[in-house]
Amino acid sequence: MISLGIHEKALEVQSRRTQLISNNLANADTPGYQAQDIDFRAVLANAAGSDSNNIQLTANIPLWMPNHGEKNHKHYSINSSHGLTSSSQFRTPSSPSLDNNTVDVSMERAAFAENNLRFNATLTFINGKIQSMMKALRGE
């Protein structure tokens, strides 16, 4: 088996984050829906210091909102089918809505685009690593 290090876990977290952001966008008009996200940097920082086959996050990871001085400590665990446990949190809205929906569509789109760039960069790195290994095996 090829060891991809932290990049394998990064793809799992990025995939889960894509699901959360997609759910947020899909529920932008649902009254009372609370937007959720994963703190990607904190998950990878934790993964880098732990066993690569057993990542578990249980601590609160505060999300800071731009121009908003409060931390959001509401969170719950999400278990993926790959055994990855990450801390998903509800976002603190930058401007509250009358129906208690905390989805900010422009912020979600930006987060989705950022996550997509990270996902593609990780795939590119993994592809390069596999190609290098294939060349080494062929003696090139």
For this session: Please answer whether the main-chain N or O of Asn23 pairs with a side-chain N or O of Asn27 as donor and acceptor at a distance below 3.5 Å.
Result: yes
Exercise. Can Tyr33 and Asn100 be counted as having a side-chain donor-acceptor contact under 3.5 angstrom?
Worked result: no
For this session: Rounded to the nearest 0.5 Å, what's the gap from OG1 on Thr122 to NZ on Lys9? Could you check?
Result: 14.0 Å
Seminar exercise, completed: The side-chain hydrogen bond (donor to acceptor under 3.5 Å, both in side chains) partners of Ser106 (sequence neighbours excluded) come to Asp104
Seminar exercise, completed: The side-chain contact (heavy atoms from CB on, under 4.5 Å) partners of Ser132 (sequence neighbours excluded) come to none
For this session: Indicate if Val103 and Leu20 have the same hydrophobic cluster label, given that clusters are the connected sets of ILVMFWY residues with side-chain heavy-atom separations under 4.5 angstrom.
Result: no
Problem set entry | Common cluster, Leu123/Met134, ILVMFWY with side-chain heavy-atom separation under 4.5 Å | yes
For this session: Supply the atom-to-atom distance Gln14 CD to Glu114 CD, rounded to the nearest 0.5 angstrom.
Result: 9.5 Å
Exercise. Taking only residues two or more places apart in sequence, or in another chain, which ones meet Thr18 in a side-chain hydrogen bond (donor to acceptor under 3.5 Å, both in side chains)?
Worked result: Asn115
Exercise. Got more than 12 heavy atoms from elsewhere within 6.0 Å of CZ, Phe112?
Worked result: no
Problem set entry | Residues that Asp99 engages under side-chain contact (heavy atoms from CB on, under 4.5 Å), provided they are two or more places apart | Pro31, Ser97, Asn101
Problem set entry | All pairs passing salt bridge (charged side-chain N to carboxylate O under 4.0 Å, His left out) where residues 130-140 contributes a residue, at least two apart | Arg138-Glu140
Problem set entry | Same apolar cluster: Ile130 and Phe119, side chain cutoff 4.5 Å | yes
Problem set entry | Inter-residue atom distance Gln19.CD - Ile38.CD1, 0.5 Å rounding | 8.5 Å
Problem set entry | Pairing residues for Leu25 by the side-chain contact (heavy atoms from CB on, under 4.5 Å) criterion, not counting sequence neighbours | Ile21, Val105, Glu108, Arg109
Problem set entry | Residues Glu12 and Arg16 bridged, charged N to O under 4.0 Å | no
